[in-house]
Student: 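Sending over a structure as structure tokens; questions will come in a sec.
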Amino acid sequence: MGVLEVKDLTMDFGGLRAVDHVSLEVNDGEIVALIGPNGAGKTTFFNCVTGVYNPTEGQVQITAPGKASEEIQGTQPHKVTEKGLARTFQNIRLFQNMTVLENVMIGRHSRLKSGIAGAVFRGKKTRAEEQQVLFDSYEILKKIGLTRWVNEQAKNLPYGEQRRLEIARALATEPFLLLLDEPAAGMNPQETHSLVDLILRLREMEKISVLLIEHDMSLVMSLSEKIYVMDYGKQIAVGTPAEVKKDPIVIKAYLGEDIDA
Amino acid sequence: MLKEKLKKSLFVALWFAVLTFPIMVIRVNTIEKTVVWRWGNLFMVLIGSYVISFIWNYAIERRERGEKTSIAFIENIKLKTRTISQNVKIRKGGLAALLLIVVLFPFLTSFYQMSIMNTALMYVMLGLGLNIVIGLGGILHLGYIAFFLVGSYSYALLNQHFGLNFWLALPIGGLLACILGILIAVPVLRLRGDYLAIVTLAFGEITRIVAENWSSLTGGPSGIRSIPRPKLPGIDLSLIDTAKLVYFIMVVLAALTIFITLRLKDSRIGRALIAMREDEIACRSMGINTTKMKVIAFALGSVFAGVAGVVFAANTTFINPASFTIWESIIVLCIVVLGGMGSIPGVVFAALVLKLLPEYLRAFTDYRMLVFGAVLIVMMIFKPGGLIPEKMKHYSFTDADAAAMKEEDE
Ligand SMILES: Nc1ncnc2c1ncn2[C@@H]1O[C@H](COP(=O)(O)OP(=O)(O)OP(=O)(O)O)[C@@H](O)[C@H]1O
Ligand SMILES: [Mg+2]
């Protein structure tokens with residue numbers, strides 16, 4: 001049973017069909033990659049799954065561990081996050097002026113309860129909750145290796161660290177499926193290498209599945225168990241890294257681009 | 001390099017001289033039918049604009065190079081004030097002194113100064129209320145004064161028709177403003193940026209126009225008069241004592257507002273509001289219901305304006321729609337922007353400065369708007385964070401601390 005099962009997902013923008021009947025499945029504990037040339041519709045696919053867009057057609061079904069399956073297409077993004085899907089953004093979307101710690105604390109929001117009265121009167125319960133969120137957020141930063149930036153404003157972080165902070169923030173929402181949109185974009189080889197380590201470690205320790213979009217083929221090949229390939233909104237191939245690498249259709253779509261790297 | 005800059009400034013000065021020539025140099029005396037040529041003024045404009053343009057260029061260039069003002073003397077003062085302000089004893093002493101000044105103020109000053117201070121304190125409340133909406137939530141709201149109006153009118157009308165007393169009106173005015181806040185939040189939820197600004201602006205004006213035209217209820221443009229001042233049960237207060245009473249009411253309310261907004265900012269809700277200001281899309285994807293947050297921001301922000309409105313009506317004893325024009329909304333907006341979006345000390349400071357300074361600088365009344373505009377522009381270029389920029393809370397963490405926290409939990 002897959003944690004995420006997408007069937008015939010279609011998304012139209014006016015006359016443009018950005019995603020055209022794409023089906024995809026992520027099994028529990030799997031790392032799955034979604035690749036394709038620029039403008040293939042990968043980010044749009046993510047946006048449909050996470051509720052940013054309401055897909056024109058198709059189903060998005062999730063099965064949280066220990067829970068019944070449910071269809072979530074058209075659900076609001078914050079509800080999708082509550083259900084256990086968390087994402088990062090291709091064009092980094094951190095809360096720039098907030099500190100690194102606060103960015104992660106925001107991720108905890110949907111798992112906390114205190115409201116306005118709690119904020120003003122700051123009773124015992126609220127204080128305990130605030131203490132807990134500080135502790136939990138700090139633990140997450142430790143896991144991702146960002147503790148030395150705790151009180152730094154997010155915008156002051158080096159690019160690679162910003163991408164890692166996005167992952168930390170997503171992790172704070174307690175997801176069972178993590179969707180990463182080009183997590184290695186703009187990273188140097190060293191940073192990419194430690195990102196691969198991080199993703200593998202997270203899967204082991206947090207028992208989460210990962211769906212990632214990536215242009216860095218060496219990362220995709222070394223990390224993923226299954227690869228889906230999109231081109232012009234359509235799904236053109238699916239298989240293991242070895243299969244996809246040899247697929248003539250994929251090679252044609254990437255014509256001129258080196259996917260052996 | 002320097003030569004180029006001098007040349008550029010000269011060009012600016014000449015251009016300015018030409019531009020202002022008709023008003024600064026030529027004066028036509030229509031009675032004697034003569035023209036007076038004031039060449040001295042031309043000279044002044046040239047020199048003045050030359051110097052200003054040179055300084056301006058210099059400052060812009062420095063800013064672009066990312067240099068901070070590093071005059072040793074100023075840095076020294078900054079450092080000293082920081083070390084002093086961190087000293088607990090001095091902090092406590094300072095706070096006690098401030099408290100003493102606040103308490104003694106009405107006994108040491110004139111009636112006139114007290115009433116200026118009363119207005120300024122109302123604007124502290126308004127500024128802090130709008131700060132929740134704009135400063136924290138990032139929702140550009142240009143009709144904020146409407147809630148102030150609702151507070152004022154609800155006391156005036158409820159008193160007129162049902163004899164409601166001032167003390168009861170305080171919470172009721174706040175509540176009514178809050179309800180209106182929620183009502184107007186609903187239609188603007190989907191709007192963003194310019195559209196939001198236009199709709200909120202229109203909302204502010206509509207509220208005022210309704211008050212102006214619904215004569216049977218609100219008394220129309222002539223407003224409502226002889227609204228009772230706040231009273232203490234069983235005591236007859238003179239006019240000046242009432243002003244003192246209003247002063248203390250405002251001090252308590254302003255302090256309460258500061259307290260509530262500080263607590264709010266440093267809480268789960270406050271953090272979510274700030275995140276919404278920073279990036280709404282990311283905020284939604286982090287599990288925050290932004291629709292709910294916007295309603296909360298509007299509802300909370302309006303309460304303070306409503307309560308301040310009740311005091312306003314009681315203090316002036318006369319209200320009419322002319323006191324609640326778009327201009328007032330803009331002033332409150334300026335307070336928030338000038339003080340520093342999201343910065344509570346900044347907003348308090350800016351409210352006091354913006355409402356007190358003009359009263360003491362009567363000489364400048366004619367140029368008030370001009371100076372105001374110029375200051376805002378200069379601020380936005382050189383200090384976009386405001387007078388006292390918002391500071392994010394810093395937490396001290398070492399791994400040992402974190403471990404200790406864990407033990408505490410267990
Ligand atoms: N909100 C939108 N409105 C209209 N068209 C859109 C919108 N979002 C995406 N598109 C279009 O949909 C197509 C797919 O875009 P998408 O961003 O999903 O591609 P991608 O595979 O993520 O590309 P990249 O690798 O460059 O990130 C593009 O042609 C794009 O212009
Ligand atoms: Mg993309």
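Just the heavy atoms: all of them, side chains too, but no hydrogens, waters or symmetry mates, feed the values below. Predicted model, so just to flag it, every value in this text is computed and none were measured. Order of the sequence lines fixes the chain letters, A, B, ..., with proteins taken first and strands second; residue numbering starts at 1 for each chain.
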Student: Most heavy-atom pairs under 4.5 angstrom with chain B, which of A:Ala86, A:Ser110, A:Ala172, A:Gly107?
Tutor: A:Ser110
Student: Please look at A:Ile116 and chain B and tell me whether the side chain, the backbone, both or neither of the residue comes under 4.5 angstrom of a heavy atom of that chain.
Tutor: both
Student: Non-hydrogen atoms of chain B under 4.5 Å away: do they reach the side chain of A:Lys113, the backbone, both or neither?
Tutor: backbone
Student: Between A:Val133 and chain B, which part of the residue has a heavy atom less than 4.5 Å away: side chain, backbone, both or neither?
Tutor: side chain
Student: Pick one of side chain, backbone, both or neither for A:Ser114, based on which atoms fall under 4.5 Å of a heavy atom in chain B.
Tutor: both
Student: What is the minimum heavy-atom distance between A:Arg87 and B:Ser285, and which atoms define it?
Tutor: CD-OG, 3.9 Å
Student: Checking B:Arg271 side chain against A:Met105 main chain: does a donor-acceptor pair fall under 3.5 Å?
Tutor: no
Student: Who among B:Leu262, B:Ile269, B:Asp266, B:Asp279 has the most heavy-atom pairs with chain A under 4.5 Å?
Tutor: B:Asp279
Student: Tell me which of these, B:Ile281, B:Ile260, B:Leu264, has more heavy-atom pairs under 4.5 Å with chain A than the rest.
Tutor: B:Ile281
Student: Would you confirm whether B:Arg268, through its side chain, and A:His109, through its main-chain N or O, come within 3.5 Å as a donor-acceptor pair?
Tutor: yes
Student: Which donor-acceptor pairs under 3.5 Å do side chains of residues 167-181 of chain B form with protein atoms, sequence neighbours excluded?
Tutor:
unit_1: B:Trp167; atom_1: NE1; unit_2: B:Lys231; atom_2: O; d: 2.8

Student: Might you confirm whether atom CZ of A:Arg201 has over 12 heavy atoms from other residues, nucleotides or ligands at distances under 6.0 Å?
Tutor: yes
Student: Once you round to the nearest 0.5 Å, how far does CE of B:Met392 lie from CG of A:Leu101?
Tutor: 12.0 Å
Student: Taking the side chain as C-beta and beyond, is there a heavy-atom pair between A:Thr81 and B:Met286 under 4.5 Å?
Tutor: no
Student: At a heavy-atom separation under 4.5 Å, does A:Glu166 approach chain B through its side chain, its backbone, both, or neither?
Tutor: neither
Student: What is the distance from atom CZ of B:Arg277 to atom CE of A:Met98, rounded to the nearest 0.5 Å?
Tutor: 8.0 Å
Student: What distance separates B:Thr291 OG1 from A:His78 NE2, expressed to the nearest 0.5 Å?
Tutor: 7.0 Å
Student: Given 3.5 Å as the limit, does a donor-acceptor pair link the side chain of A:Glu130 with the main chain of B:Ser267, or not?
Tutor: no
Student: Please determine whether the number of non-hydrogen atoms from other residues, nucleotides or ligands lying under 6.0 Å from atom OH of A:Tyr159 exceeds 12.
Tutor: yes
Student: Which atoms of A:Val150 come close to chain B, meaning under 4.5 Å heavy atom to heavy atom: side chain ones, backbone ones, both, or neither?
Tutor: side chain
Student: Find the distance between CD1 (B:Ile274) and CD1 (A:Ile106) and round it off to the nearest 0.5 Å.
Tutor: 8.0 Å
Student: Counting only heavy atoms from other residues, nucleotides and ligands, does the tally under 6.0 Å from CZ of A:Phe13 exceed 12?
Tutor: yes
Student: Pick from A:Lys79, A:Arg122, A:Gln96, A:Glu102: which one has the most heavy-atom pairs with chain B under 4.5 Å?
Tutor: A:Arg122
Student: Does atom CG (B:Asp194) have a neighbourhood of more than 12 heavy atoms from anything else shown, all under 6.0 Å?
Tutor: no
